[in-house]
Novice: 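Handing you a structure now.
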Amino acid sequence: MPVFPRREPSSGSLVPSSEAAVPVRLVRARRWVRLGRVAMWGALAAGPVALVVMTVSSETAPVIVKTPVPHQARSADPSGYAELFVALWLRSDSRSEQSGDERRLRAMAPGVDLPEPREGAQLSVDRVMAVRSAQLSDGAWSVTVAVQSGEEVRYFSVPLVASGSGSGAFVVAAAPARMPGPQAMRAPGSAYRVPVPEGSELASTVSEFLTAYLTGVGETGRYLAPGVRLAPLDAPRYERVEVEQVSADDTVVKRPVPENGTVVRVQVQVRAVDADAAWPLVYNLRMSARDGRWEIASVDTGPKPVGYTRARRVGVGRSAVLGTGGPLRAAGGVG
């Protein structure tokens, strides 16, 4: 006889008593646990498969290897080398190859024939200057050299070959060739077509500014826009300055000083006199209107041909330096 008698289920119930006593919420929770276990085992089973796919794809994918491009050293311009060669070549004599100039010439141009001057002839060379250089191909150059002898100017074309190592070494490949001089082109039309009235606020400002700047007498800072600084000229200065003509690129200069921020460019032709001569000089200035007066916003070194873009309202309040060499402009503006 069993110690614990077995309880028979009731004939009127279709659900076991253990499950009938379990609440509905607990049954649902068990189902979610079962689903979670199935999802977990599926993820674990998919791991090795995904690893195999990645391995196969990595083996079949093309590998791109970037090949570094070797740096090619650019040959220096041989203009100075050609100038020295032509100066030595013109003074050389093929019948006398023992001087230092002849030996130097042979080192620069081995195998190049030298001239044979006539008996008693003396060629004077006042100035030698390269006026054009062109790189024809890898290492090959052609330099056109102008030679001034008194009132005569001649032009020679010098063929040169540069070293492939980029060391800056050159050699003259053949004797120079006499060439015609470069043709002069017509100057482009000027954009400064509006004459500035004499005695106007603008004309007085640029005249006083350039006089103080070129002679060193007077203060230039009072004519500059805020934030603009001016590098002084080196000595010697000019004794006096005469303003001959002031032209502008806009008709706004014919009216009273416009609103703040209005910008106009002017070209000033002056004659500066020192102890040696009277020198005609031309200055291109960018002027900005502020508080009923004109101020210098920048000094431009190049001409403004017809068709350039004008700037009407440009800020010039930030720091800038005006000096010599290259376009000089106020920071934040248009030079």
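In this text the structure is predicted, and so the values were computed from the model without any measurement.
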Novice: For a quick test of reading the model, state the closest non-hydrogen atom pair linking Phe85 to Pro176 and the distance between them.
Specialist: CE2-CD, 3.7 Å

Novice: Going by heavy atoms in the side chains, are Val194 and Asp250 under 4.5 Å from each other?
Specialist: no

Novice: For Tyr81 and Phe170, take the angle between the two ring planes, folded into 0 to 90°, and tell me which bin it lands in: parallel under 30, tilted 30 to 60, perpendicular over 60.
Specialist: tilted

Novice: For Ala140, what residues pass the side-chain contact (heavy atoms from CB on, under 4.5 Å) criterion, not counting sequence neighbours?
Specialist: Leu136, Ser137

Novice: For the residue pair Trp294 and Thr262, what are the closest heavy atoms and their distance?
Specialist: CZ3-O, 3.8 Å

Novice: With clusters defined by side-chain heavy atoms of hydrophobic residues (ILVMFWY) lying less than 4.5 Å apart, directly or transitively, does Val172 cluster with Leu84?
Specialist: yes

Novice: Indicate if Leu90 and Met179 have the same hydrophobic cluster label, given that clusters are the connected sets of ILVMFWY residues with side-chain heavy-atom separations under 4.5 angstrom.
Specialist: no

Novice: Within the side chain of Ser149, is there an N or O that forms a donor-acceptor pair under 3.5 Å with the backbone of Ser124?
Specialist: yes

Novice: Pairs in or reaching into residues 270-281: which pass side-chain hydrogen bond (donor to acceptor under 3.5 Å, both in side chains), with residues at least two apart or in two chains?
Specialist: Glu244-Arg271, Asp274-Trp279

Novice: Any idea which heavy atoms bring Leu214 and Arg237 closest together, and the distance?
Specialist: O-CB, 3.4 Å

Novice: Say you draw a straight line from OG1 of Thr205 to CZ of Arg222; how long is it, rounded to the nearest 0.5 Å?
Specialist: 8.5 Å

Novice: Taking only residues two or more places apart in sequence or in another chain, which ones pass side-chain contact (heavy atoms from CB on, under 4.5 Å) with Thr215?
Specialist: Thr211, Val217, Val241

Novice: Without swapping roles, check the side chain of Ser207 against the backbone of Ser204 for a donor-acceptor pair under 3.5 Å.
Specialist: no

Novice: Can you tell me which residue among Val263, Val196, Leu202 is in a side chain to side chain contact (heavy atoms under 4.5 Å, CB included) with Met287?
Specialist: Leu202

Novice: What are the two closest non-hydrogen atoms of Asp249 and Tyr192, and how far apart are they?
Specialist: N-CD2, 4.1 Å

Novice: Are side-chain N/O atoms of Thr144 and Arg132 paired as donor and acceptor at under 3.5 Å?
Specialist: no

Novice: Got a donor-acceptor contact below 3.5 angstrom from the Arg286 side chain to the Val266 backbone?
Specialist: no

Novice: Please name the pair of heavy atoms, one in Arg265 and one in Asp300, separated by the smallest distance, quoted to 0.1 Å.
Specialist: NE-OD2, 3.6 Å

Novice: What are the two closest non-hydrogen atoms of Ser79 and Val143, and how far apart are they?
Specialist: CA-CG1, 4.1 Å

